[in-house]
Amino acid sequence: MTALTDLAPVMTSVNLARGLPNAHYTDPAVFAEEKQSVLFRNWSGIGFGKDVPNPGDAKPISFLGMPLVMIRDRDGTLGVFQNTCRHRGMILIEKATNITGAIRCPYHSWCYALNGDLRATPHVGGPGQNTHDDIKRDELGLTRIRSHVWHDVVFVNISGDAPEFEQAHATLLERWQEFEQPMAHGGASSSFKLSVKTNWKLAVENYCESYHLPWVHPGLNSYSRLEDHYNIEEPGAFSGQGTLVYRQMAGDDSGTFDDFQGLGPQWDEGAEYVALYPNVLLGVHRDHFFAILLEPVDHEQTIEHIEIYYPQVPATPQGEAMRAANAALWKTVFEEDIFVVEGMQKGRKAELFDGGKFSPEMDGPTHNFHHWVASQVDAGRRG
């Protein structure tokens, strides 16, 4: 296809590179191109397992306009399907529900099992005839979307041709192997979302780096200073930042959250914040974990879905109060970033802006992300 933007200045070393061209933030045509080459061809986050906790639970999701549905099968398996009947393309599930029997199309009553198998086709062969030689039920189950659940984040690969999740993200899985243990969602107060007038990539870019801390997050920077942070870069997979001075929250009685079990000493006062490409932002600490799922609504609008998890969730007033306070703290930090990502979005309308100049010392994680996006788009253009 004809290249919509020049990506050569992006795909070079950080000391020479420019950022992504303005059109990657402002042009609907480029947004549509990235939808296919970046978000559909890789493992993108679309939801959370906690939202379908019980057998029969189903939750519809629109991912870049594509109707999907997460369904918890009777055996506890979570599957993702295209939310359309194989007969005439009717939407099957309009709102979150629990399915006690079969998934029934409201148009002609074709019925599907929770695993997507087509079970019934009433009158398909004529009145009173529920079968037809040309209707092969075993070939007409719901269109299953390749999916994987990691730390309760539901990832999908729409194109179906990305490497296995464990292969694609082997480095991060190994880096955070100590956190491969049970986690519990913190409850209602540990779930919130922010609607931001920005392209989704600017939210990733801002999250990646600590350079902005002294000016955008003065409260956080008062104890976790710029010099207490380090860059994290894994070309082709993720980037972010870490801190050497994570400070645990204490309750009114000086109590703290329970720690994850068996952590090494680096996590006593350390924490890491990583953007797992393309659209999931993660944070790990000795006593809690959070995930931010970026939902690209369009080229200039993003919804950030934030969920917080703990090793244990005591059902006590004090425990709930501490979790609510922790969520409020993080919400304040994330809200402090809104004017920045919205300001950069406005700035991308400046026709003479050339993508910007990176600090080789401070902007490595952001450049790492730009280089990956450009590489994905370039690969898509090459077919």
Side-chain angles (χ1 to χ4, degrees), residues 1 28 31-33 35-37 39-149 153-162 164-165 293 295-298 303 305 380 383:
M1 64 176 293
F31 179 80
E33 182 182 31
K35 168 183 170 178
Q36 297 295 331
S37 61
L39 292 154
F40 278 9
R41 288 189 180 177
N42 292 283
W43 288 102
S44 296
I46 62 157
F48 297 90
K50 73 172 190 65
D51 291 330
V52 284
N54 304 307
D57 283 350
K59 181 179 180 180
I61 293 169
S62 177
F63 179 52
L64 292 157
M66 185 175 183
L68 304 177
V69 60
M70 301 190 304
I71 300 175
R72 183 79 64 177
D73 203 348
R74 302 295 178 206
D75 63 1
T77 302
L78 191 155
V80 180
F81 303 90
Q82 191 164 266
N83 189 16
T84 49
C85 181
R86 293 296 301 276
H87 176 215
R88 301 294 298 135
M90 178 68 181
I91 291 294
L92 294 170
I93 298 172
E94 292 278 7
K95 60 183 179 180
T97 187
N98 182 269
I99 301 165
T100 56
I103 303 166
R104 187 185 70 82
C105 177
Y107 194 10
H108 298 96
S109 283
W110 283 31
C111 295
Y112 302 86
L114 296 181
N115 66 359
D117 290 350
L118 179 59
R119 295 301 195 198
T121 52
H123 309 303
V124 74
Q129 300 298 316
N130 297 332
T131 61
H132 189 283
D133 289 345
D134 292 330
I135 304 298
K136 313 294 187 185
R137 288 187 185 176
D138 59 349
E139 298 176 1
L140 291 170
L142 297 181
T143 302
R144 181 181 287 272
I145 304 299
R146 193 175 178 213
S147 63
H148 185 86
V149 183
V153 180
V154 180
F155 295 85
V156 295
N157 171 225
I158 301 295
S159 70
D161 54 12
E164 293 294 330
F165 183 89
L293 191 158
E295 177 190 347
V297 177
D298 57 35
I303 298 176
H305 300 265

Open item on the list: I need the Glu295 CD to Ile61 CD1 distance, nearest 0.5 Å.
Closed with: 8.5 Å

TODO: Mind listing the closest non-hydrogen atom pair of Thr121 and Asn130 along with its distance?
DONE: OG1-O, 2.7 Å

Task: Minimum heavy-atom distance Asp133-Lys136, with the two atoms named - done: O-NZ, 2.8 Å

Task: Leu64 and Pro296, any side-chain heavy atoms less than 4.5 Å apart - done: yes

Task: Backbone N/O of Gly76 and side chain of Asp73: donor-acceptor pair under 3.5 Å - done: no

- [ ] Check for a donor-acceptor pair, side chain of Asn83 on one end and backbone N or O of Pro60 on the other, with a separation under 3.5 Å.
- [x] no

Task: Closest approach of Leu78 to Gly49 (non-hydrogen atoms, all atoms of both residues) - done: CD1-CA, 3.8 Å

Open item on the list: I'd like to check Asp117 versus Tyr112 (side-chain heavy atoms, cut-off strictly below 4.5 Å). Are they in contact?
Closed with: no

Task: Shortest non-hydrogen contact between Gly380 and Ser37, atoms and distance - done: CA-CB, 4.2 Å

TODO: May I have the step-by-step check of side chain to side chain contact (heavy atoms under 4.5 Å, CB included) for Trp43 and Arg146, ending in yes or no?
DONE: CA-CA 9 Å; Trp43 288 102; Arg146 193 175 178 213; 3.6 Å; yes

TODO: Would you please classify the geometry between the His148 ring and the Phe165 ring as parallel, tilted or perpendicular, with 30° and 60° separating the classes?
DONE: parallel

Open item on the list: Determine whether a donor-acceptor pair (N or O, by modelled atom type, separation under 3.5 Å) exists between the side chain of Asn98 and the backbone of Pro55.
Closed with: yes

Task: Arg88 and Trp110: CA distance, side-chain angles, deciding distance, side chain to side chain contact (heavy atoms under 4.5 Å, CB included) verdict - done: CA-CA 10 Å; Arg88 301 294 298 135; Trp110 283 31; over 6 Å; no

Task: His123 side chain to Gly128 backbone, donor-acceptor under 3.5 Å - done: yes

TODO: Quick one: pull up CD1 in Ile99 and CZ in Arg104 and give me the separation to the nearest 0.5 Å.
DONE: 12.0 Å

Task: Straight-line distance of Leu92 CG to Thr84 OG1, nearest 0.5 Å - done: 6.5 Å

- [ ] Give, for atom CD1 of Ile158 and atom CD1 of Ile46, the distance between the pair rounded to the nearest 0.5 Å.
- [x] 7.0 Å

TODO: Assess whether side chain to side chain contact (heavy atoms under 4.5 Å, CB included) is satisfied between Asn115 and Arg144, documenting all intermediate values.
DONE: CA-CA 9 Å; Asn115 66 359; Arg144 181 181 287 272; 4.3 Å; yes

Task: Minimal non-hydrogen separation, Met70 against Val80, with atom names - done: CG-CG2, 4.2 Å

Open item on the list: Quick check for you: to the nearest 0.5 Å, what is the distance between Arg86 atom CZ and Phe81 atom CZ?
Closed with: 12.0 Å

Open item on the list: Before you tell me yes or no, could you show the steps for Thr131 and Arg137 under side chain to side chain contact (heavy atoms under 4.5 Å, CB included), namely the whole-Å CA-CA distance, both residues' side-chain angles and the distance that decides it to 0.1 Å?
Closed with: CA-CA 9 Å; Thr131 61; Arg137 288 187 185 176; 3.8 Å; yes

Open item on the list: Which heavy atom of Leu114 sits nearest to which heavy atom of Arg72, and what is that distance?
Closed with: CD1-O, 3.8 Å

TODO: Could you grab the distance from atom CG of Leu39 to atom CE of Met66, nearest 0.5 Å is fine?
DONE: 13.0 Å

Open item on the list: Using 30° and 60° as the class boundaries, would you call the ring planes of Phe40 and Phe63 parallel, tilted or perpendicular?
Closed with: tilted

